[in-house]
*Asks:* 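One structure follows; several queries about it will come next.
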Amino acid sequence: MELIDGKKVAEEMRADIARQVAKCIDEDGTAPHLAAILVGDDPPSQTYVRNKEKACQEVGFISSVYKYPSSFAESELLKVVDFINKDNDIHGLIVQLPLPGHIHAEKIIRAIDPAKDVDGFHPVNVGNMVQGLPSYLPATPFGILRLLEYYSIETDGKHCVVLGRSNIVGTPVSILLSRKSYPGNCTVTLCHSKTRDLASICRQADILIAAIGQPHFVKADMVREGAVVIDVGIHRIPDASKTSGYQLTGDVDFPEVSKKAGYITPVPGGVGPMTIVALLSNTLKAFKKEIYP
Ligand code: NDP
């Protein structure tokens, strides 16, 4: 079994981004600027935004966070998005999800200028991705593709089983891996909560991607010997022996599944670090106008 070290791959990608940013600053004194909007006081969202800010600083990006209380009106939020869209000094904009219940996330995402939508959630970017046209790829699927590529994992003709059909992970990764490219050319089966006989479908997978949000859902008897197992799930399990009071775990029963898998991503240190670096990579593309010249 080979461990897929997302931390190491992400570090290398971050170092490369930092080099490119330093060059931009040297040449014309400008750097990519990522803005994040955070509405409400959801603790995981606060942590994610803090981590994104930190990651921006580490590579030399400018970052700004627009914070609003959970009572913030949808109409006001649309004005903020419009303001950022028009600010030529801001290259990328992300709206941290989930938003409070009275705000329609889809309406807010549709209001973002597709050229600044570095999360790749705007329907224009999703449509371009589906058609194989230049677009910002959603961060987690982008990170998964880079991991497969880094480890030269063969994907042509492989059966890839994706567990979970969310718009941010399962659906886009299933589309990307079925496309005529590398990584891609897979035969993809997309599973969800209504899928029948899920375990037997999983056992047919050459590449198994778990993104269902259920801790330790994928057991060893669901995995074929030698399969590539990508664990997207992140869960905080209370653990009094840890100073933090919890341990992080994924959707896969790592201790058992790792004995059978050919390659496997750990949690933490697998897909998670790649997600943030993918966002940085999209922001750099926005700054360089690579997707929308
Ligand atoms: P969602 O909760 O949006 O979607 C979960 C999907 O899993 C749904 O399609 C659901 O089916 C399916 N599902 C849930 N239970 C089952 C089951 N028992 N059997 C089959 N299918 C099931 O999840 P996300 O995609 O947003 O996230 C998935 C996990 O990945 C979470 O743990 C999340 O924290 C993590 N995550 C990690 C990231 C990272 O950077 N590492 C980034 C994003 C997410 P249905 O559609 O029928 O309801």
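In this chain, residues are counted from 1 in sequence order. Atoms within a ligand are numbered from 1 in the order they appear, just like the ligands themselves.
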*Asks:* Would a 4.0 Å cut-off, counted as strictly less than, catch a protein heavy atom around atom 18 (N) of ligand 1?
*Replies:* yes
*Asks:* Do D251 and H235 get their side chains close enough for a donor-acceptor pair, meaning under 3.5 Å?
*Replies:* yes
*Asks:* If hydrogens are left out, which of G213, P172, S193, P44 has an atom nearest to atom 29 (C) of ligand 1, that is, the closest non-hydrogen atom?
*Replies:* G213
*Asks:* Give the residue and atom name of whichever protein heavy atom lies nearest to atom 46 (O) of ligand 1, and the separation in Å to one decimal.
*Replies:* R165 NE, 2.7 Å
*Asks:* Quick one: nearest non-hydrogen protein atom to atom 6 (C) of ligand 1, plus distance?
*Replies:* G164 CA, 3.6 Å
*Asks:* Kindly confirm or rule out a cation-pi arrangement of R146 over Y150, judged by NZ or CZ under 6.0 Å from the six-membered ring centre and within 45° of its axis?
*Replies:* no
*Asks:* Of V277, L284, L280, which is the lone residue that meets side chain to side chain contact (heavy atoms under 4.5 Å, CB included) with V59?
*Replies:* L280
*Asks:* Using a strict cut-off of 4.0 Å, indicate which atoms of ligand 1 neighbour a heavy atom of I234.
*Replies:* 32 (O), 34 (O), 35 (C), 37 (C), 39 (C), 41 (N)
*Asks:* What part of I168, side chain, backbone, both or neither, has a heavy atom within less than 4.0 angstrom of ligand 1?
*Replies:* side chain
*Asks:* Any idea which protein heavy atom is nearest atom 40 (O) of ligand 1, and the distance to it?
*Replies:* T275 OG1, 2.8 Å
*Asks:* With heavy atoms of Q214 as the reference, note each atom of ligand 1 found under 4.0 Å away.
*Replies:* 14 (C), 15 (N)
*Asks:* Under a 3.5 Å distance rule, please check whether D117 uses its side chain to pair with a backbone N or O of F121 as donor and acceptor.
*Replies:* yes
*Asks:* Residue-level breakdown please: for T140 versus ligand 1, do any non-hydrogen atoms fall below 4.0 Å on the side chain, on the backbone, on both, or on neither?
*Replies:* side chain
*Asks:* Taking atom 44 (C) of ligand 1 as the point of reference, which of V169, I212, L198, I144 owns the nearest heavy atom?
*Replies:* V169
*Asks:* When you check the side-chain N and O atoms of H216 and T249, is any donor under 3.5 Å from an acceptor?
*Replies:* yes
*Asks:* Work out whether the distance between some heavy atom of A211 and some atom of ligand 1 is less than 4.0 Å.
*Replies:* yes
*Asks:* Can we say K79 and E76 salt-bridge, meaning some charged N sits less than 4.0 Å from an Asp/Glu carboxylate O?
*Replies:* yes
*Asks:* With distance as the sole test, does Y66 use its side chain to make a donor-acceptor pair with the main-chain N or O of L77 at under 3.5 Å?
*Replies:* no
*Asks:* Does only the side chain of H235 get under 4.0 Å from ligand 1, or the backbone, or both, or neither? Count heavy atoms.
*Replies:* side chain
*Asks:* Just which atoms of ligand 1 are under 4.0 Å from any heavy atom in F217?
*Replies:* 18 (N), 19 (N)
*Asks:* Applying a 4.0 Å heavy-atom criterion (strictly less than), which segment of V232 is in contact with ligand 1: side chain, backbone, both, or neither?
*Replies:* both
*Asks:* In terms of atom number and element, which parts of ligand 1 are under 4.0 angstrom from non-hydrogen atoms of G272?
*Replies:* 40 (O), 41 (N)
*Asks:* Take atom 27 (O) of ligand 1 and look for protein heavy atoms under 4.0 Å from it; say yes if you find one, no if not.
*Replies:* no
*Asks:* Counting each atom of ligand 1 from 1 as listed, which ones have a heavy atom of G233 under 4.0 Å away?
*Replies:* 29 (C), 30 (O), 32 (O), 35 (C)
*Asks:* Less than 3.5 Å apart, any donor N or O on the side chain of N85 or D113 sitting next to an acceptor on the other?
*Replies:* no
*Asks:* Check whether the side chains of K67 and Q46 place a donor and an acceptor atom closer than 3.5 Å, and report yes or no.
*Replies:* no
*Asks:* Are N125 and Y292 close enough that a side-chain donor and a side-chain acceptor fall under 3.5 Å?
*Replies:* yes
*Asks:* With atom 1 (P) of ligand 1 as the reference point, say which of G6, S166, G143 has the nearest heavy atom.
*Replies:* S166
*Asks:* Report yes or no: do H159 and T189 form a side-chain donor-acceptor pair below 3.5 Å?
*Replies:* yes
